[in-house]
Amino acid sequence: MSRASPAPESVPPKAEGLRLRARLRYLYHGSSPLAVRFRLAVIAIDFAIIGFFLVAPILHEAGLVFYVIDYLIAAVLGLDLAARAYAHTSLRDWLKKPVVWVDLFVLATLLFPAWLFNFGFLRLLRLWTLLNSDFFWRTVGRKYDDTRVEEITRALASLVTFIFVVTGFVYATFRGSHAGISGYLDALYFTVATLTTTGFGDITLPGNWGRVLSIVVMLTGITLFLRLAQTIFKPHKIKFSCPTCGLQKHDPDAVHCKACGEILCIPDEGA
């Protein structure tokens, strides 16, 4: 009579959890081609979601179709946030990041669109959090040794995000209660005209709060424009860590560190 072979030992749940966490860390933080391709796919999905946020005020009139897409995006965003949280070393440290709370609020507007739709304009902050994240620059910006492209992109992201957040706020607040704001394009037109201080005067917001909002848009817009211009025209710098003091930004032809005088050996990309 033959002895039955022992059943294979099952992997303990704790070990399975550790494997999953290690796999997620590999995908979200690794530098292999597979990890980079995974993060590029995540970024592409993020941009598609941001595109939906841009047209959401118009699609909201579609009724059931809008809510189906809304909840599908909520599921995708929720899985992504859960995976990032699980892959992080410390959940407490992860929750201390302001961008995480912005993303959590965006998720809340997706889960409860009927109650939080008037705050839907804040969903466009997702563009700002994405283009200012280490996740994005470790993936897309890893080939840039200089800081110029990164700083211009961050400044442009702040300006574009501000424009569309204000547009969404004006549309959600004044549509139907002010004759000049009858559609999303009207709100965008008012925002750009006010931000650039053109002031055509054909669309103005009523009351003292309307004037206050116009002043805030003008002052903030000028500041963001100046920041963008500064990043475009300021001298070119590259990223190279000084081995002595750790200074990160240097002139491309720098021989000595400006902070400590240490001799630098910056690689020449053209060589």
Side-chain angles (χ1 to χ4, degrees), residues 28-29 36 38-58 73 76-77 80-81 84 94 96-110 119-172 184-185 187-197 213 216-239 248-249:
Y28 278 94
H29 304 288
V36 172
F38 170 79
R39 292 199 299 271
L40 285 173
V42 173
I43 290 171
I45 293 172
D46 271 332
F47 277 116
I49 291 174
I50 291 168
F52 170 76
F53 292 162
L54 282 173
V55 299
I58 301 173
I73 291 177
V76 172
L77 184 57
D80 179 49
L81 288 175
R84 294 189 194 212
W94 184 73
K96 290 180 180 178
K97 299 179 179 181
V99 294
V100 172
W101 287 100
V102 173
D103 288 338
L104 289 174
F105 180 80
V106 171
L107 179 60
T109 64
L110 290 166
F119 294 97
F121 62 90
L122 293 176
R123 293 176 178 181
L124 267 301
L125 291 174
R126 178 75 176 176
L127 175 64
W128 181 84
T129 60
L130 175 62
L131 295 183
N132 282 275
S133 65
D134 293 334
F135 178 85
F136 179 84
W137 290 106
R138 281 200 321 270
T139 307
V140 176
R142 68 189 190 283
K143 63 181 180 179
Y144 298 113
D145 293 327
D146 61 276
T147 61
R148 189 179 187 84
V149 173
E150 181 175 345
E151 290 180 350
I152 291 175
T153 303
R154 289 176 185 267
L156 186 61
S158 298
L159 178 60
V160 172
T161 302
F162 177 76
I163 289 174
F164 283 103
V165 166
V166 173
T167 298
F169 175 77
V170 171
Y171 179 74
Y184 190 78
L185 187 60
L188 179 60
Y189 172 78
F190 163 80
T191 302
V192 174
T194 305
L195 184 143
T196 56
T197 67
L213 177 61
V216 170
V217 171
M218 284 186 282
L219 293 178
T220 308
I222 292 172
T223 302
L224 293 175
F225 268 124
L226 289 176
R227 181 191 172 195
L228 179 59
Q230 182 184 26
T231 56
I232 292 174
F233 295 108
K234 75 178 183 179
H236 175 65
K237 298 285 185 180
I238 66 171
K239 277 187 177 180
Q248 294 290 324
K249 297 180 182 179

Exercise. What's the spacing between Trp94 CH2 and Leu81 CG if we round to 0.5 Å?
Worked result: 5.0 Å
For this session: Determine yes or no for a side-chain-to-main-chain donor-acceptor pair under 3.5 angstrom, with Arg138 supplying the side chain and Tyr28 the backbone.
Result: yes
Problem set entry | Gap between atom CD1 of Ile50 and atom CG of Leu125 - 0.5 Å precision | 10.5 Å
Problem set entry | Residue pair Ile163 / Thr167: nearest heavy atoms and the distance that separates them | O-OG1, 2.7 Å
Exercise. Minimum heavy-atom separation for Leu224 to Ser158, with atom names?
Worked result: CD1-O, 3.9 Å
For this session: Can you see which heavy atom on Phe136 is nearest to which on Leu131, and at what distance?
Result: CZ-CD2, 3.6 Å
Exercise. What distance separates Leu127 CG from Thr161 OG1, expressed to the nearest 0.5 Å?
Worked result: 4.0 Å
Problem set entry | Atom pair CD1/OG1 of Ile43 and Thr139 - distance to nearest 0.5 Å | 4.5 Å
For this session: Kindly indicate, with the supporting measurements, whether the criterion side chain to side chain contact (heavy atoms under 4.5 Å, CB included) is fulfilled by Thr191 and Phe169.
Result: CA-CA 10 Å; Thr191 302; Phe169 175 77; over 6 Å; no
Problem set entry | Spacing of OH belonging to Tyr184 relative to CG belonging to Leu54, to within rounding of 0.5 Å | 6.0 Å
For this session: List the steps and the verdict of side chain to side chain contact (heavy atoms under 4.5 Å, CB included) for Val170 and Leu213.
Result: CA-CA 9 Å; Val170 171; Leu213 177 61; 3.8 Å; yes
For this session: With rounding to the nearest 0.5 Å, note down the distance linking CZ in Arg154 to CG in Leu159.
Result: 16.0 Å
For this session: Evaluate the criterion side chain to side chain contact (heavy atoms under 4.5 Å, CB included) for residue pair Val42 and Arg84; output intermediate values, then yes/no.
Result: CA-CA 12 Å; Val42 173; Arg84 294 189 194 212; 3.8 Å; yes
For this session: Take Asn132 and Val99 through the test side chain to side chain contact (heavy atoms under 4.5 Å, CB included) and record every step on the way to the result.
Result: CA-CA 9 Å; Asn132 282 275; Val99 294; 5.8 Å; no
Problem set entry | Atom of Gly221, atom of Phe162 and distance for their closest heavy-atom approach | N-CE2, 4.2 Å
Exercise. If you look at every heavy atom in Val192 and Thr196, which pair is closest and at what distance?
Worked result: O-OG1, 2.7 Å
Exercise. Do Val165 and Trp128 have side chains that get closer than 4.5 Å, going by heavy atoms?
Worked result: no
For this session: Please check if the side chain of Arg126 supplies one atom and the backbone of Val106 the other of a donor-acceptor pair under 3.5 Å.
Result: no
